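In what follows, every chain begins at residue 1, and chains take the letters A, B, ... in the order their sequences are listed. No experiment lies behind these values; they were computed from the predicted model shown.
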Amino acid sequence: MTLPTQYNAEDVESKWYQYWMDKGYFRSTPDEREPYTIVIPPPNVTGVLHMGHMLNNTVQDVLIRKARLEGKNACWVPGTDHASIATEAKVVKLLREKGIKKSDLSREEFLKYAFEWKDKYGGLILEQLKMLGASCDWERTRFTMEEKLSDSVIKAFVDLHKKGLLYRGLRMTNWDPAAQTVLSNEEVIHSQENSKLYHVRYRIEGTEDDWVTIATTRPETILADAAVAIHPDDERYTHLKGKKVIIPMVNRVVPIIFDKYVKMDFGTGALKVTPAHDMNDYDIGQRHNLEVIDMLHDNGRLKGPFYVGMDREDARKQIAKDLKFQGHIVKIENYSNSVGRSERTNAVVEPKLTKQWFLKMEGLSATALEAVENGPVDFLPEHMLNTYRNWLKPENVRDWCISRQLWWGQQIPAWYLKEDKEQIFVAETPEEALLQAQEKLSNPELTIEDLEREEDVVDTWFSSWLWPMSVFDAFEDSKEMQYYYPTNVLVTGWDIMYLWVARMVMAGYEWAPGLLGEDLAKEKGVHPFKHVYFTGMVRDNMGRKMSKSLGNSPDSLALIKKYGADGVRYGILSAAAAGGDVIFDAPFVDKTKTAIQNKSDLCNTGSKFSNKLWNALRMIKGLEVIEKPANERIANVNAFAIKWLENEYNKTLDSVEKSFESLRLSEAVKTLYNFVWGDFCSWYLEMIKPDYLKPIDRATLDTTIDFFEKIMTLLHPFMPFITEEIWAHLRENRAEGDDCTVSTWPTAEAFDEQFLYKTSLLKDLVGSIRNARDKGQLPKKELLELLVKDTEAAHTFLAENGLKETIEKIAFLKNFDYTTEDQHEGAAFISGTEQYYLLFEQKVDVAAERKKLEGELKQKRGFVMGIEKKLSNERFVNGAPAKVIEMERKKLADGKAKIQLLIDSLDKLK
RNA sequence: GGGUGAUUAGCUCAGCUGGUUCAGAGCAUCUCGCUUACACCGAGAGGGUCGGGGGUUCGAAUCCCUCAUCACCCACCA
């Protein structure tokens with residue numbers, strides 16, 4: 001069998017995923033093993049895979065694959081979120097393109113269309129996750145609006161209502177005129193926009209020509225003004241106390257009021273108050289009993305009395321003209337202010353007084369804070385706790401507005417008495433609601449016809465916060481919940497820390513105790529996850545978030561096609577320390593910007609790494625085998641190489657484990673990269689590689705394959721495809737089920753630091769020899785003679801079994817011996833603390849060599865002086881631990897020895 | 001206004017509990033090599049007073065203070 005020189009990720013990857021699926025390797029059912037659970041942060045059902053998902057899901061896959069290799073019952077639950085506003089907006093748009101208006105459809109008809117559309121196009125992202133290698137248990141795929149999950153939502157709602165945590169109230173809310181629904185604060189994105197500040201004068205009632213001038217960015221709302229407000233300490237306006245003003249256009253007379261909210265130094269110091277269309281004005285209105293005049297329809301068009309049916313933005317321009325015509329405009333300034341837009345529809349959000357359902361957050365948020373601050377939930381990176389704390393502080397917490405005026409979502413299980421809408425009955429079914437009504441109103445004659453159901457649905461997050469429980473069918477006495485809950489780790493972006501993470505914690509504490517039962521809750525805990533791993537945001541090279549509207553997100557699938565999923569996974573992981581933002585250079589973003597292309601390409605490093613692994617395999621597979629090593633010399637070298645790799649391997653494994661413990665995945669993958677490329681390929685394989693066309697002995701080859709196999713297991717969580725491919729090639733005739741994906745994670749064994757120090761000296765020496773060859777312009781493989789000054793230390797160093805032969809082999813020496821004489825031909829150099837001579841027929845460039853040695857000497861002297869100073873400092877000697885002092889002493893001794901060698905060398909170079 | 005981070009090699013970034021992984025990696029640059037696993041490669045080299053200043057300490061890239069610059073989040077903006 002011949003293997004191609006280049007690894008072809010695309011061909012290899014396509015076959016393995018199906019293979020794993022066929023074998024059912026990702027399937028998890030409760031058993032006696034320890035569970036390791038992750039629930040996916042459900043992407044929008046309409047979403048497509050972007051860089052953020054790739055980072056997020058690669059991290060999850062690494063963790064879940066590692067757990068699987070460790071023999072745990074690894075369960076990664078996938079699924080999608082119904083994303084009510086975004087999806088409904090999309091469906092509405094699609095229907096409009098077909099000429100169907102939402103308003104012409106009944107709720108049932110609309111939902112039918114929506115579900116059809118979801119079934120047809122939704123969940124594409126899950127298929128894309130498979131391309132990435134995500135080892136989810138696909139048989140567990142859930143959807144937040146499927147029947148069972150919706151049932152959980154209803155149950156949770158009813159339960160909260162029973163506990164008295166839900167209420168319905170008239171509040172100023174964020175209104176999205178495009179989607180025609182209320183939004184939570186989190187769904188409103190504020191940004192600075194250019195607008196105009198209109199200075200408009202209002203005539204004071206009872207005067208001919210006395211005016212007060214206000215400043216506003218929204219002159220159209222003048223029609224709904226209820227007062228003009230002044231700061232009570234503003235001396236410019238004290239004469240207006242008790243006066244009234246006449247509002248232009250509508251000629252309504254409204255009072256001048258005094259309120260400390262007004263800033264004296266802003267604008268004119270006089271503020272028009274429009275309680276119906278501004279959050280703060282509403283508050284002022286409450287304080288002063290002002291009339292609330294709503295002049296906008298739900299779609300953002302004007303009710304009147306002027307500009308009827310005109311959109312608010314058009315009306316603004318028109319009224320500005322009209323006010324100017326009537327002499328009310330004093331001036332118009334350019335102005336930059338913050339404008340809130342709907343995250344989902346990008347429409348400018350209107351503050352609007354609406355009746356909504358709210359969830360009391362006081363107790364819930366305190367619990368959520370406590371669970372992380374002093375409880376069982378860890379954040380990574382830790383400092384995220386500060387942000388979390390800041391958001392959950394009592395003064396920053398507001399009740400959660402959970403109703404939405406949409407159809408795509410769970411309809412709120414509340415029924416109103418048709419005759420008196422203030423009579424509300426919350427129940428899981430209409431029958432129960434009716435019973436409640438009959439009882440409460442002491443009227444057994446009531447029928448279901450007398451009730452009508454609340455039209456609104458709940459906020460999407462009201463289903464998401466149940467996700468870690470609802471995916472295990474928690475609300476129906478679930479063995480799965482009892483086994484898998486709490487989940488081990490949640491991997492998500494910090495941008496939804498409050499929106500989602502905090503709320504899942506609340507939900508966990510609210511319901512898990514009841515669902516798990518007292519004993520189990522006590523034993524396992526009720527928190528939804530133990531660790532939260534916050535990934536950073538993936539940004540482009542201008543620091544901007546990747547977003548569809550900017551078009552700065554690279555095409556994920558194109559990346560996978562180009563570099564292979566393994567390459568992309570490597571790239572994105574090695575770039576992302578937990579919590580740190582990732583600047584991801586996107587080669588496909590904008591070909592006109594060379595700056596982007598010039599930058600590093602981490603995925604390419606990953607795909608090169610795949611190729612390196614592949615070729616290491618090719619080398620091993622290409623070897624001829626004999627039973628015994630050809631001679632003792634080869635046997636010694638091989639023994640040394642194996643001993644070295646074994647130690648280096650255990651050290652690496654130890655370090656990788658430590659990185660995993662603290663979830664430092666980028667560190668783990670880099671450690672493995674360095675070990676594989678450096679120690680395994682560059683050193684070990686070169687040591688055991690037989691001469692051209694010579695065979696290798698079976699024992700060495702077998703050991704090498706053992707190592708290679710173990711390395712594949714270690715690397716598997718990061719690069720699942722190539723490791724499985726190599727695994728398959730490494731041994732012929734593997735048993736059924738002997739696959740890398742389900743192999744056994746090795747345990748770290750002790751390693752010998754002392755020995756590894758020797759090997760580092762070896763590396764240094766070999767490097768020096770190569771450097772000397774380089775300078776002497778000698779061919780790499782010409783066999784040379786190396787002499788070392790005969791000292792005790794040199795003997796100790798070379799006494800290590802096989803070390804000398806190994807140096808001879810990889811540095812291409814025909815002879816390596818001791819000498820007492822100084823040598824004058826070839827190159828002289830110092831490695832470690834020894835003086836070496838590499839002999840060849842060429843005079844050294846004396847001047848250049850002297851210069852180099854002098855430089856080295858100067859540096860060494862400075863170094864030694866520093867240590868001497870340190871050691872003569874009594875406070876250091878008394879204060880520092882013995883180990884450190886000992887180390888310093890050794891450094892000093894070695895430094896002094898080296899200085900002597902340098903001086904000797906310089907003397908001889910004269 | 002409240003909060004959080006960042007500043008280390010030309011670029012992108014690691015660097016955990018202060019001390020042998022302490023000044024690192026990848027990319028880029030330079031020199032030499034198409035060598036028999038790999039030119040997606042190999043061998044070697046250059047390059048940083050760790051943003052400035054102060055402090056704590058025997059010892060600081062690491063802890064504290066301060067200044068500067070740059071991000072981001074929350075609140076708010078007539």
Separation of the P atoms in rU31(B) and rU17(B), to the nearest angstrom: 43 Å
Proximity to the side chain of W494(A) - top-ranked nucleotide from rC72(B), rA37(B), rC16(B): rC72(B)
C1' atoms of rG26(B) and rC64(B), separation to the nearest Å: 34 Å
Secondary-structure string, 5' to 3', Watson-Crick or G-U under 3.5 Å, | for another-strand partners, for RNA chain B: (((((((..((((.....[....)))).(((((.......))))).....(((((..]....))))))))))))....
Protein-nucleotide distance (Y570(A), atom OH; rG26(B), atom C1'), rounded to Å: 7 Å
Given RNA chain B, 5'-ward residue of the pair K651(A) and N390(A), judged by closest heavy atom: N390(A)
Sugar-phosphate only, base, or nothing, as touched by K658(A) at under 4.0 Å among non-hydrogen atoms: nothing
Same-atom distance (P) from rU29(B) to rC73(B), integer angstrom: 36 Å
Spacing of L573(A) atom CG relative to rU12(B) atom C1', expressed in whole Å: 16 Å
For D278(A), all residues meeting salt bridge (Lys or Arg N to Asp or Glu O under 4.0 Å), sequence neighbours excluded: none
Nucleotide nearest K670(A) when distance is taken to its side chain, options rA14(B), rA78(B), rA75(B): rA14(B)
Length of the CD1-C1' vector between I572(A) and rG26(B), whole Å: 16 Å
Nearest-Å distance for atom pair CG/P, residues N650(A) and rU21(B): 19 Å
Partners meeting ring pair (Phe, Tyr, Trp, His ring centres under 6.0 Å) with F708(A) (sequence neighbours left out): F680(A)
Cation over ring face, R236(A) and W211(A), 6.0 Å, 45°: no
Sugar-phosphate, base or nothing in reach of W391(A), heavy atoms under 4.0 Å: sugar-phosphate
Sugar-phosphate only, base, or nothing, as touched by E395(A) at under 4.0 Å among non-hydrogen atoms: nothing
Sugar-phosphate, base or nothing in reach of R389(A), heavy atoms under 4.0 Å: nothing
Donor-acceptor pair between D566(A) and S610(A) side chains, under 3.5 angstrom: no
Sugar-phosphate, base or nothing in reach of L197(A), heavy atoms under 4.0 Å: sugar-phosphate
Inter-nucleotide P distance (rC27(B), rC40(B)), Å rounded: 13 Å
Rounded distance in Å - CG (N337(A)) to C1' (rA78(B)): 9 Å
For K561(A), all residues meeting salt bridge (Lys or Arg N to Asp or Glu O under 4.0 Å), sequence neighbours excluded: E10(A)
Test of ring centre spacing under 6.0 Å for W494(A) and H383(A): no
Touch class at under 4.0 angstrom, heavy-atom based, for T217(A) against every strand present: sugar-phosphate
Pairing residues for Y261(A) by the ring pair (Phe, Tyr, Trp, His ring centres under 6.0 Å) criterion, not counting sequence neighbours: none
Between rC72(B) and rG10(B) - C1' atom distance, rounded Å: 27 Å
Pairs: protein N or O with nucleotides 57-65 of chain B N or O, under 3.5 Å:
from: rC58(B); atom 1: O2'; to: N873(A); atom 2: ND2; distance (Å): 3.2

Pairwise P distance for rC65(B) and rG47(B), with rounding to whole Å: 36 Å
Under the side-chain contact (heavy atoms from CB on, under 4.5 Å) test, residues paired with N615(A) that sit two or more places apart: T5(A), N611(A), R618(A)
Nucleotide nearest N185(A) when distance is taken to its side chain, options rA37(B), rU36(B), rA75(B): rA75(B)
Interatomic distance, K621(A) NZ vs rC38(B) P [rounded to whole Å]: 17 Å
All pairs passing salt bridge (charged side-chain N to carboxylate O under 4.0 Å, His left out) where residues 265-276 of chain A contributes a residue, at least two apart: D225(A)-K272(A)
Partner set under salt bridge (Lys or Arg N to Asp or Glu O under 4.0 Å) for E350(A), not counting sequence neighbours: R218(A), R312(A)
Separation of the P atoms in rG2(B) and rG15(B), to the nearest angstrom: 30 Å
Residues which pass side chain to side chain donor-acceptor pair (under 3.5 Å) with E343(A), listed by chain and number, not counting sequence neighbours: none
Full working for side chain to side chain donor-acceptor pair (under 3.5 Å) between D774(A) and N771(A): CA-CA 5 Å; D774(A) 223 38; N771(A) 192 8; over 6 Å; no
Please enumerate all protein N or O atoms sitting under 3.5 Å from an N or O of nucleotides 39-46 of chain B, with distances to 0.1 Å.
from: rC40(B); atom 1: O2'; to: N611(A); atom 2: ND2; distance (Å): 2.9
from: rC40(B); atom 1: N3; to: Q6(A); atom 2: OE1; distance (Å): 3.4
from: rC40(B); atom 1: N4; to: Q6(A); atom 2: OE1; distance (Å): 3.1
from: rC41(B); atom 1: O3'; to: K612(A); atom 2: NZ; distance (Å): 3.3
from: rG42(B); atom 1: OP1; to: K612(A); atom 2: NZ; distance (Å): 2.9
from: rG42(B); atom 1: OP1; to: W677(A); atom 2: NE1; distance (Å): 2.5
from: rG44(B); atom 1: O2'; to: N771(A); atom 2: OD1; distance (Å): 3.3

For E657(A), all residues meeting salt bridge (Lys or Arg N to Asp or Glu O under 4.0 Å), sequence neighbours excluded: K66(A)
Whole-Å P distance, rG51(B) and rA6(B): 12 Å
Interatomic distance, M687(A) CE vs rA37(B) P [rounded to whole Å]: 17 Å
Closest to side chain of C681(A), choosing from rA78(B), rA37(B), rU4(B): rA37(B)
Aromatic ring proximity, centroids under 6.0 angstrom, F812(A) and F840(A): no
Length of the line joining E686(A):CD and rC38(B):C1', which is rounded to integer Å: 11 Å
Touch class at under 4.0 angstrom, heavy-atom based, for I214(A) against every strand present: nothing
